Chemist: 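First, the structure itself, so that you have it in front of you.
All values reported here derive from a predicted model rather than from experimental measurement. Sequence positions, counted from 1, serve as the residue numbers for this chain.
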Amino acid sequence: MLKKIYLANAYGFSSQCSTLLHPVIKKLSDLGAEVWEPFSRCANLKLSSYAIGQKNLADLSQCDGVFAIVNGCPPDEGISFELGYAAALGKPVFLFRDDFRVVSDGDYPLNLMLFTGLPEDTWKTYYYTRLEELSDPDKALVQWLKNKLAR
């Protein structure tokens with residue numbers, strides 16, 4: 001049975017959405033995940049409707065994990081909320097940032113709170129900066145998808 005992964009992203013607000021998301025969705029699917037992309041799952045709802053938020057929360061609850069694209073300075077506030085919600089649910093979280101801008105002056109490349117859903121000592125194995133890294137067997141995503149990650 002495929003693990004369902006919620007693809008938190010802000011690309012749905014871009015006219016280039018399919019161009020930006022297709023490589024990520026394909027890579028996650030090729031690794032054996034069933035990808036739940038929120039913009040496509042809410043395509044029949046008005047973009048600014050309250051129902052979208054409720055649908056996203058329901059999907060987050062039903063998914064097995066969350067893969068979040070945290071580009072931006074700072075990352076999108078909706079994604080930040082989704083990450084907090086996923087952490088509260090105890091879902092595994094994987095972060096992807098190929099945005100080279102510096103967003104933090106601390107030990108983490110982003111606001112520390114975005115990392116609170118990751119294990120403290122091994123957070124770097126849950127953090128990705130290149131699409132090619134997603135298939136790295138030494139990193140958490142592949143281990144989780146193959147049921148080799150205790151979490």
Chemist: Decide yes or no for V102 and P109: does some side-chain heavy atom of the first lie under 4.5 Å from some side-chain heavy atom of the second?
Modeler: no

Chemist: What are the two closest heavy atoms between T122 and P119, and how far apart are they?
Modeler: OG1-CB, 3.3 Å

Chemist: Which value, rounded to the nearest 0.5 Å, describes the distance between D98 atom CG and T129 atom OG1?
Modeler: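 Going from the CG atom of D98 to the OG1 atom of T129 covers 8.0 Å.
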
Chemist: Are any side-chain N or O atoms of Q62 and backbone N or O atoms of D59, one a donor and one an acceptor, separated by less than 3.5 Å?
Modeler: no

Chemist: Using 30° and 60° as the class boundaries, would you call the ring planes of Y128 and F67 parallel, tilted or perpendicular?
Modeler: tilted

Chemist: Is there a path of hydrophobic side-chain contacts, each under 4.5 Å between heavy atoms, that joins Y108 and M113?
Modeler: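 Result: no, two separate clusters.
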
Chemist: How close do G117 and A87 get, counting heavy atoms only, and between which atoms?
Modeler: CA-CB, 3.9 Å

Chemist: For residues 115-126, which residue pairs qualify under salt bridge (Lys or Arg N to Asp or Glu O under 4.0 Å), counting only residues two or more places apart or in two chains?
Modeler: none

Chemist: Kindly write out the residues that satisfy salt bridge (Lys or Arg N to Asp or Glu O under 4.0 Å) with K3, not counting sequence neighbours, or none if the list is empty.
Modeler: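 Counting only residues at least two positions away or on another chain, K3 forms no salt bridge (Lys or Arg N to Asp or Glu O under 4.0 Å).
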
Chemist: Apply salt bridge (Lys or Arg N to Asp or Glu O under 4.0 Å) to D107 and list each qualifying residue two or more places apart in sequence or on a separate chain.
Modeler: none

Chemist: Using the rule given for side chain to side chain contact (heavy atoms under 4.5 Å, CB included), can you reason through S29 versus V35, listing the C-alpha separation, both sets of side-chain angles and the distance that settles it, and then say yes or no?
Modeler: CA-CA 7 Å; S29 297; V35 181; 3.7 Å; yes

Chemist: Using side-chain heavy atoms (C-beta onward) and a distance below 4.5 Å, is I52 in contact with S49?
Modeler: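 Answer yes - side chains close enough.
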
Chemist: Which residues pass the salt bridge (Lys or Arg N to Asp or Glu O under 4.0 Å) test with D64, not counting sequence neighbours?
Modeler: none

Chemist: With a 4.5 Å heavy-atom cut-off, do L131 and P23 have their side chains touching?
Modeler: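 Of all side-chain heavy-atom pairs linking P23 with L131, at least one is under 4.5 Å.
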
Chemist: Atom CG of L31 and atom NZ of K146: how far apart are they, to the nearest 0.5 Å?
Modeler: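 So the gap between those two atoms works out to 7.5 Å.
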
Chemist: Hey, are the side chains of V24 and I69 touching, using non-hydrogen atoms and a 4.5 Å cut-off?
Modeler: yes

Chemist: Would you name the heavy atoms of S135 and K27 that are closest together and state the gap between them?
Modeler: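 Shortest heavy-atom contact: OG-NZ, 3.4 Å.
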
Chemist: Rounded to the nearest 0.5 Å, what's the gap from CG on L83 to CG on N111? Could you check?
Modeler: 11.0 Å

Chemist: Looking only at atom types and distance, does a side-chain atom of T116 sit under 3.5 Å from a main-chain N or O of L112, one as donor and one as acceptor?
Modeler: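 Answer holds: no.
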
Chemist: So which of Y126, F94, Y127 actually passes ring pair (Phe, Tyr, Trp, His ring centres under 6.0 Å) with F115?
Modeler: Y127

Chemist: Can you tell if the side chain of V70 reaches within under 4.5 Å of the side chain of V103, non-hydrogen atoms only?
Modeler: no

Chemist: Can you name the salt bridge (Lys or Arg N to Asp or Glu O under 4.0 Å) partners of D99, sequence neighbours left out?
Modeler: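 D99: salt bridge (Lys or Arg N to Asp or Glu O under 4.0 Å) contacts with R97, R101.
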
Chemist: Once rounded to the nearest 0.5 Å, what's the spacing between atom OH of Y6 and atom NZ of K91?
Modeler: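 Y6 atom OH to K91 atom NZ measures 12.0 Å (nearest 0.5 Å).
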
Chemist: List in chain and number order the residues that pass side-chain contact (heavy atoms from CB on, under 4.5 Å) with E34, two or more places apart in sequence or in another chain; answer none if no residue qualifies.
Modeler: L2, K4, W36

Chemist: Report the C-alpha separation of N71 and N9 in whole Å, then their side-chain angles, then the decisive distance to 0.1 Å, and conclude whether the side chain to side chain contact (heavy atoms under 4.5 Å, CB included) test is met.
Modeler: CA-CA 9 Å; N71 287 335; N9 73 92; over 6 Å; no

Chemist: CD/E82 to CD/E77 distance, rounded to the nearest 0.5 angstrom?
Modeler: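 Nearest 0.5 Å value for the CD-CD distance: 11.0 Å.
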
Chemist: Nearest 0.5 Å, please: how far is CD1 in I5 from SG in C63?
Modeler: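 So the gap between those two atoms works out to 8.0 Å.
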
Chemist: Are L7 and I25 close enough that some pair of their side-chain heavy atoms sits under 4.5 Å apart?
Modeler: yes

